[in-house]
Amino acid sequence: MEADPAKRPDGTGTASAAELRDWTLAQIPIPLAVYDHESRLVEANDAMGRQIGMPMDKLVGKRLKDFMPVPTFAEYDRLQEQVIRTGETVRLETYARAPGDTREHAWTMYFFPLKDETGRVHGVSAAVFDTTEQLRARERLAVLNEASKSIGSTLDVTRTAQELAEASAGRLADFVSVDLFESVLQGEEPAPPADGQPVELRRTAHQSVLDGAPESAVAVGSTASYPDYTPFARAVVSGRATRHSVGDPVIRRWIANDPIRARAAKEVGVHSLMFVPLRARGTTLGMAFFIRHRTPDPFSSDDLLLADEITARAAVSIDNARRFTRERKTSLALQRSLLPQRLPRQAAVEVASRYLPADSQAGVGGDWFDVIQLSSARVALVVGDVVGHGIHASAHMGRLRTAVRTLADVDLPPAELLTQLDDLVLRLDREQDTAGRLAGDVGEVGATCLYAVYDPVSRRATVARAGHPPPVVVRPDGTADFLDLPQGPRLGVGGLPFESAEVELPEGSLLALYTDGLVESAERSMDDGFGLLRRTLQDPGSSLEDLCEQVIRELRPNRRVDDIALVLARTRALNAGQVAIWDLEAKPAVVAEARKRVSEQLSTWGLGEVAFTTELVVSELVTNAIRYAGGPIQLRLIHDATLIVEVSDASSTAPHLRRARIFDEGGRGLLLVAQLTQRWGSRQTPAGKTIWAEQTLGSEALPEAAQRGAASQVLLRGEHEDRPMG
């Protein structure tokens, strides 16, 4: 038997070095080629032949551009000549479609000079590496990085869904849609779909490489129902991403059952699909749908992993936006419930108001306003702005509004009211600081506020502010100016005094109170905002409601980062015929004279039906003033929608009700006043105090017989006694 020439007698190889080199060139899996100094092919291995798609024996002696007339390959000849001329290695990255392949590949080519011992270049060797997979991996990483940057730029569910579609279309898929549960769009957590039931989702966003997304069978904003057998529904229920070919039986069945979807898929040539659930924090929020029709390659397992990673990151952003939507809705509902639902009708001013929450990204703030009826036909106008946004700001706003109403009920002057409110904010701040440290969330409690009291009898307004923008006063002649007020610190600073200013307002003057969100924006300076507000208010409009709309339209910024509260009040005045004033001596005999004068005045006003009650109230209040306070004493009647009786004296001691014993001879006057009038109270004045009582008129007033009966019952019952006033 003839021995194997390639083996020694001991079985080891006997090939020569030249043979080993030849075998290496032929069998190495990397495409290799050798060119002479004129760039003609001298030798190439089998891998290079397979790469070019032609037998190498037919190509020896030819230049590369002779058998590969492609511009990219023509560039190779130039590079080979460069290597021969310079003797330096050249690296080239390019893209080309391999013979028999439908997609382009990424190629990295190295051209090495072939030198002799003297360094003279005699030829070029070339090595070609297919780096397509490495390139695809880098592209997938780039898509993921770009998606991470672009998705979640806002806290808006719809916008975040659109960002997911835009980040994926064109780079990962040719068409991407995002469908979410309706509850997610409302800020609520979705309930899992019932077994065997269709999955209903709302098309929230989609993006296509084609204009108009013609391959979409569902319009944005509409609801799509997916039967339980579809991969769409299965992916939602299972929470696992899947990929399919359009030829899969379940896909064919799903498409065939929907003529619109079948026509769209056929028109564009859909061939590959992926269904990826949007899951965050253990909850499925919806589904992302990826299809390919223009890209020839079907989705690979790596594509599915990439889509899963992108949607996972997007799902967290969507869930954050959903939670923000829920908190915003809660804050807005709380805010609106704490604001006045209907402004009270009163004689002092005609009022119109507006409240606009901040944009969805900023969160609801703590702006508020109020119109409070005070004694003696006066009215208090309030605007305020709590620091921060969200539920906490709304809650603090509710506390402050309640506190302002409580303090207004005791008729505190504006500067003193702000002082009391400042103390309250300091206490809230300390409570918040303590609770925040325990919870790891220390926040700040602070606010600005403007408080104005207008008296239609004197036509004077007393105004104080705590770090708040000044109000605008538009007089009947059309001149508009900002009211010059002492600034005052923001509420919560503490230790600094508040001062008020008093201004006389002719009847028909317009007073505009607002929060800084109206005049401050990124689009203009605050000074420009103040100027625009003043100019806009100079246009009186047909009504206060129209003027409110005009102010909001002119000054509302395109992007509201803060709430806006606006109150417009047009002043009214009570004429001299509606007010009667008498100065009385502190003598018991004056009580009868006071009753007589009141009776005559009521007769002049045509209010004889309330004469008995009014005389009784005047008698009790004047008697108490004479007995416990002394002079001087002033009696005033104000006739408007109601009848108001006021008795002022020099004592600063406020009266209040107390329990009276059965055999006590007196001291039931205040109980009588409280029972026979709609409301009563007292307020401090610079000279002492004023006790007032308000009666209803017209159909709401009690008949005289009923008045007498009520008075008798109070006197007979004898349950309370008014404490002496001095």
Side-chain angles (χ1 to χ4, degrees), residues 373-378 409-411 580-582 584 586 588 590-599 601-602 605 607-630 633-661 664-685 688-697 700-726:
Q373 287 181 289
L374 301 179
S375 62
S376 305
R378 297 170 305 136
D409 282 344
V410 297
D411 263 324
I581 303 175
W582 300 280
L584 306 176
V590 130
V591 176
E593 180 66 23
R595 288 199 301 266
K596 179 182 178 182
R597 292 183 180 182
V598 167
S599 178
Q601 185 64 56
L602 294 180
W605 284 340
L607 300 178
E609 72 275 6
V610 295
F612 175 79
T613 301
T614 307
E615 289 181 32
L616 191 57
V617 170
V618 168
S619 179
E620 294 296 335
L621 295 183
V622 172
T623 299
N624 279 351
I626 294 172
R627 181 178 300 174
Y628 301 112
I633 299 172
Q634 186 181 81
L635 171 62
R636 183 167 74 162
L637 294 183
I638 300 174
H639 174 211
D640 192 62
T642 61
L643 179 65
I644 301 168
V645 177
E646 291 184 353
V647 175
S648 301
D649 57 52
S651 173
S652 59
T653 303
H656 62 275
L657 298 176
R658 69 168 184 169
R659 182 175 296 277
R661 296 173 179 83
D664 287 345
E665 294 183 359
R668 298 183 179 87
L670 288 184
L671 177 61
L672 185 65
V673 171
Q675 292 290 321
L676 295 180
T677 60
Q678 184 180 14
R679 57 184 188 135
W680 75 279
S682 68
R683 66 176 182 272
Q684 298 296 317
T685 65
K689 70 173 180 299
T690 297
I691 303 178
W692 56 271
E694 184 176 320
Q695 301 176 69
T696 56
L697 298 176
E700 297 181 2
L702 287 174
E704 183 173 343
Q707 298 172 29
R708 294 179 182 275
S712 300
Q713 291 298 319
V714 172
L715 294 173
L716 290 173
R717 192 164 58 239
E719 295 176 349
H720 294 77
E721 181 179 4
D722 49 316
R723 183 175 298 173
M725 297 185 294

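Sequential numbering from 1 along the given sequence is applied to the chain's residues. Not measured: the values here are computed from a predicted model.
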Rounding to 0.5 Å, atoms CD1 (Ile626) and CG (Leu621) come to a distance of 11.0 Å
CD1 (Ile581) and CZ (Arg597) are apart, to the nearest 0.5 Å, by 13.0 Å
Rounding to 0.5 Å, atoms CG (Leu676) and CD (Glu620) come to a distance of 9.5 Å
Applying salt bridge (charged side-chain N to carboxylate O under 4.0 Å, His left out) to Arg595 and not counting sequence neighbours gives none
dist Arg683:CZ -> Thr690:OG1 (nearest 0.5 Å) comes out at 4.5 Å
Applying side chain to side chain donor-acceptor pair (under 3.5 Å) to Gln684 and not counting sequence neighbours gives none
Rounding to 0.5 Å, atoms OG1 (Thr614) and CD (Gln695) come to a distance of 3.5 Å
In this structure, CD1 of Ile691 is separated from CG of Asp649 (nearest 0.5 Å) by 6.0 Å
In Ile638, Thr613, Leu637, the residue satisfying side chain to side chain contact (heavy atoms under 4.5 Å, CB included) with Val645 is Leu637
Side chain to side chain contact (heavy atoms under 4.5 Å, CB included) test vs Glu694 passes for just one of Leu643, Thr642, Val617, Thr677, namely Thr642
For Ser682, the side chain to side chain donor-acceptor pair (under 3.5 Å) test, sequence neighbours excluded, returns none
Sequence neighbours excluded, the answer for ring pair (Phe, Tyr, Trp, His ring centres under 6.0 Å) partners of Trp582 is none
Hits for salt bridge (charged side-chain N to carboxylate O under 4.0 Å, His left out) against Glu615, two or more places apart or cross-chain, chain-then-number order -> none
For Asp411, the side chain to side chain donor-acceptor pair (under 3.5 Å) test, sequence neighbours excluded, returns Ser375, Arg378
